[in-house]
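Before any comments, here is the structure.
Heavy atoms only: backbone and side chains are in, while hydrogens, waters and symmetry mates are out.
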Amino acid sequence: MQGRLIYLMGPSGSGKDSLLQAARAPLEAHGCRFARRVITRSAESVGEDALGVSPAEFERLEGEGAFALSWHANGLAYGIPREIDDWLSAGQDVLINGSRGHLEAARQRYPDLLAILLQVDEAVLRQRLLARGRETPEQIEQRLARSRQLQQEEGAGTVILDNSGPLPHTVSRLLHLLDEMRRCA
Ligand SMILES: Nc1ncnc2c1ncn2[C@@H]1O[C@H](COP(=O)(O)OP(=O)(O)O)[C@@H](O)[C@H]1O
Ligand SMILES: O=P(O)(O)OC[C@H]1O[C@H](OP(=O)(O)OP(=O)(O)O)[C@H](O)[C@@H]1O
């Protein structure tokens, strides 16, 4: 049986990386795989286990068909390696850090993907982004503006996961959600 693509998305600062890191060990124990993203961000500022490449290298990889999914946002290019298709074919679930703006395109390629939207109040988001200190205040405001814009476009078929509270609570809810998904498969 084909594995399921779990497409985690949410505004910048909502906690996607933190959640992926915290849930990784228990989910891997259930056979779930995690895709390592390729990003045109300098290695020093990559806050996740991603491969940083130059824009030219990204384009070359994209031209070679190295990505199952790829998109541009926040002035960066992001790619999900094609190997996720091998994992899915082998029946393994795959969790990826996706983009809200690319969800519809992703659904076209993976019609039965499970979309999970991580949500946090805007005031908390701003606070977390400032505390993280990776982007300039101007870049943070741009990301918050993008979130407001995308919020208006959010459609049905997406499970909302709130991360305004402590991270361990969100991890438990994610594990529960994925257990339910497996039971219903
Ligand atoms: N539930 C939480 N409670 C408090 N701080 C959190 C929580 N989740 C994430 N954070 C913090 O918020 C900031 C943004 O989280 P991050 O995982 O980098 O978000 P994203 O990957 O969605 O941009 C980080 O500094 C992280 O430590
Ligand atoms: O369409 P959107 O939902 O706005 O997403 C755009 C991009 O931003 C996030 O990446 P990234 O981890 O680089 O940004 P972040 O760390 O600020 O969340 C997300 O994973 C997408 O790759």
A side-chain contact here means heavy atoms from C-beta on lying under 4.5 Å apart; do [X] and [Y] qualify?
X	Y	result
R41	R134	yes
L8	L19	yes
Y7	Y110	no
L88	Q92	no
S14	L125	yes
L113	L103	yes
N74	Q142	no
Q21	R24	no

If hydrophobic clusters are built by linking Ile, Leu, Val, Met, Phe, Trp and Tyr wherever their side-chain heavy atoms come under 4.5 Å apart, do [X] and [Y] end up in the same one?
X	Y	result
V120	M9	no
L129	L118	no
L20	L178	yes
L177	L167	yes

Answer yes or no: is there a donor N or O on one side and an acceptor on the other, between the side chain of [X] and the main chain of [Y], under 3.5 Å?
X	Y	value
R37	N97	yes
D93	R4	yes
Q139	T136	yes
T40	A77	yes
K16	P11	yes

(request) Output all residues satisfying salt bridge (Lys or Arg N to Asp or Glu O under 4.0 Å) with D162, sequence neighbours left out; order by chain, then residue number. (result) none

(request) Name all residues meeting the salt bridge (Lys or Arg N to Asp or Glu O under 4.0 Å) criterion together with E62; count only those two or more places apart in sequence or in a different chain, and write none if there are none. (result) none

(request) Please test I140 against L130 for side-chain contact (heavy atoms from CB on, under 4.5 Å), starting from the C-alpha separation and ending with a verdict. (result) CA-CA 8 Å; I140 289 174; L130 289 167; 3.7 Å; yes

Answer yes or no: does atom [atom1] of [X] have more than 12 heavy-atom neighbours from other residues, nucleotides or ligands under 6.0 Å?
X	atom1	answer
E64	CD	yes
E122	CD	yes
H30	NE2	no

(request) Apply ring pair (Phe, Tyr, Trp, His ring centres under 6.0 Å) to W71 and list each qualifying residue two or more places apart in sequence or on a separate chain. (result) Y78, H102

For the student: nearest non-hydrogen atoms of [X] and [Y], plus distance:
X	Y	result
G10	L117	CA-CD1, 3.8 Å
R146	A73	NH2-CB, 3.7 Å
V38	F58	O-CE1, 3.7 Å
S89	Q2	CA-OE1, 3.7 Å
A50	I39	CB-CD1, 3.8 Å

(request) Using the side chain to side chain donor-acceptor pair (under 3.5 Å) rule, pick out the option among R143, E135, R128 that qualifies with S12. (result) R143

(message) Do D121 and S164 pair up side chain to side chain, a donor and an acceptor below 3.5 Å, judged on atom types alone?
(response) no

Less than 4.0 angstrom from a charged side-chain N to a carboxylate O is my criterion; do [X] and [Y] meet it?
X	Y	result
R107	D112	no
R33	E83	no
D85	R82	no

